[in-house]
Protein chains: 2
Amino acid sequence: MDSKLFNLKAKLEVYKAMTNGGNFADCPVRDVIQGISGKWSSLLIMALAERPYRFGELRRLVPDISQRMLTQTLYDLQRDGYVHREVFPTKPPSVEYSLTDLGRSMFAPLQMLVQWAELNHDAVREARAAFDAAQA
Amino acid sequence: MDSKLFNLKAKLEVYKAMTNGGNFADCPVRDVIQGISGKWSSLLIMALAERPYRFGELRRLVPDISQRMLTQTLYDLQRDGYVHREVFPTKPPSVEYSLTDLGRSMFAPLQMLVQWAELNHDAVREARAAFDAAQA
DNA sequence: TAGTGCTGGTCTCTTTTTGAGACCACCATT
DNA sequence: AATGGTGGTCTCAAAAAGAGACCAGCACTA
């Protein structure tokens, strides 16, 4: 099998899905991507990929998230099926958040992006500095 | 038990995982991820990965983006080094946006996420429906 | 017994971000 | 002379996010 041809075909398939046949509005990929492209979503998924966390642990782990946004982002992730929420009847009741199978399967490609970010953050910062210098 | 020490250890573990060995003060992954996690960023990168586009083409391609957000998102992507902006001295002057090498290298892992989204958007939609039904 | 802290939130208010749409100069076509 | 396409900016309203007060329940402490 010709791997280049295969890649091209896969690529075209992806574009087709992305564009919903030429229409970028009402596209399922967009629907899914937007669900995880919030400011805190990917961060929380990365944290929960390591191990389950409780609400207060996450709050302390990500010090600059407001309690309100933590509640809401976890709610949204739970709604989309990435995160499982379990209440334990301890006193006081504790709530544990963990990734579902769907969440874990989504984390695999997300991790690629994280690795890219780690490798290329210098290039991005340099581009930013160069752009700002050129603007001034 | 020393809860402060425990929390600090957990913190370091997670950020180590996220940054693949980096430290907390300079968390590059978050910086980079947030640059492409906007509502329109990934969408425009996906479009420009196909071929260069002009401003008006992009506007028609993504009908529900406002002109203001298109301008701003392209500006941000250009600043971070993902997108190249070239003005052609035609009459009226036309502006072409294209991915840089950095942008193309970033699109590779982003594409993984897009493929995942294409394969799993049914699962996500079902999770959403089930969750909403359970809430009602 | 009264205070203090920890649990996981909700509620309100303010600030930031986004969206909708008017407006702009320039030029070609009709 | 009017119309439409070029790539924007500007203003104002709406939506989203941030800051911080507040809550009930229980455990520990003074």
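Chain letters run A, B, ... following the sequence lines, proteins first and then strands; every chain starts at 1.
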(message) Can you measure Gln78(B) atom CD to dG7(D) atom P for me and round it to whole angstrom units?
(response) 15 Å

(request) Using only side-chain N and O atoms of Tyr97(B), determine if any of them is under 4.0 Å from OP1 or OP2 of dG8(D). (result) yes

(message) Taking 4.0 Å as the cut-off, does a side-chain nitrogen or oxygen of Arg60(A) come that near to OP1 or OP2 on dT7(C)?
(response) yes

(message) Go nucleotide by nucleotide along DNA chain D from the 5' end; which of Ile65(A) and Val95(B) gets its closest nucleotide reached first?
(response) Val95(B)

(request) Report whether Leu110(A) and Met112(B) are members of the same hydrophobic cluster (ILVMFWY, side-chain heavy atoms less than 4.5 Å apart, transitive linking). (result) no

(request) Select one nucleotide: of dT7(C), dG7(D), dG18(D), the one nearest the side-chain heavy atoms of Ser94(A). (result) dT7(C)

(request) Name the closest nucleotide to the Pro92(A) side chain, picking from dG8(C), dG18(D), dG25(D). (result) dG25(D)

(request) Indicate, with yes or no, if Leu58(B) and Val87(B) share a hydrophobic cluster defined by side-chain heavy-atom contacts under 4.5 Å among Ile, Leu, Val, Met, Phe, Trp and Tyr. (result) yes

(message) Rounded to whole Å, how long is the line connecting atom CD of Gln67(B) with atom P of dG5(D)?
(response) 13 Å

(message) Among Asp64(A), Ile45(A), Leu74(A), Asp76(A), which residue satisfies the side chain to side chain contact (heavy atoms under 4.5 Å, CB included) criterion with Trp40(A)?
(response) Asp64(A)

(message) Of the options dG7(D), dG9(C), dT6(D), whose atoms approach the side-chain atoms of Phe55(B) most closely?
(response) dG7(D)

(request) Starting from C1' on dG7(D), measure out to CZ on Arg68(B) and report it in whole angstrom. (result) 16 Å

(request) Check whether NZ of the Lys or CZ of the Arg Arg51(B) lies under 6.0 Å from the centre of the six-membered ring of Tyr53(B) and within 45 degrees of that ring's axis. (result) yes

(message) Under 4.0 Å from OP1 or OP2 of dT7(C): is there any side-chain N or O of Lys91(A) that close?
(response) no

(request) Figure out the CE/C1' separation between Met69(B) and dG8(D), and round it to whole Å. (result) 15 Å

(request) Give a yes/no answer on whether the side chain of Lys39(B) brings an N or O atom under 4.0 Å of OP1 or OP2 in dT18(C). (result) no

(request) Check the distance between dG9(C)'s P and Asp76(A)'s CG and give it to me in whole angstrom. (result) 14 Å

(message) Rounded to whole Å, please give me the gap between CD in Gln72(A) and C1' in dA16(D).
(response) 8 Å

(request) Nearest whole angstrom, please: distance from the C1' of dC6(C) to the CD of Glu57(A). (result) 13 Å

(request) Please determine if a side-chain N or O atom of Trp40(B) lies less than 4.0 Å away from the OP1 or OP2 oxygen of dG19(C). (result) yes

(request) Calculate the interatomic distance between Arg59(A) atom CZ and dT10(C) atom C1'; express it in whole Å. (result) 13 Å

(request) Locate the shortest heavy-atom distance separating Ala49(B) from Leu99(B); write the atom from each residue and the value. (result) CA-CD1, 3.7 Å

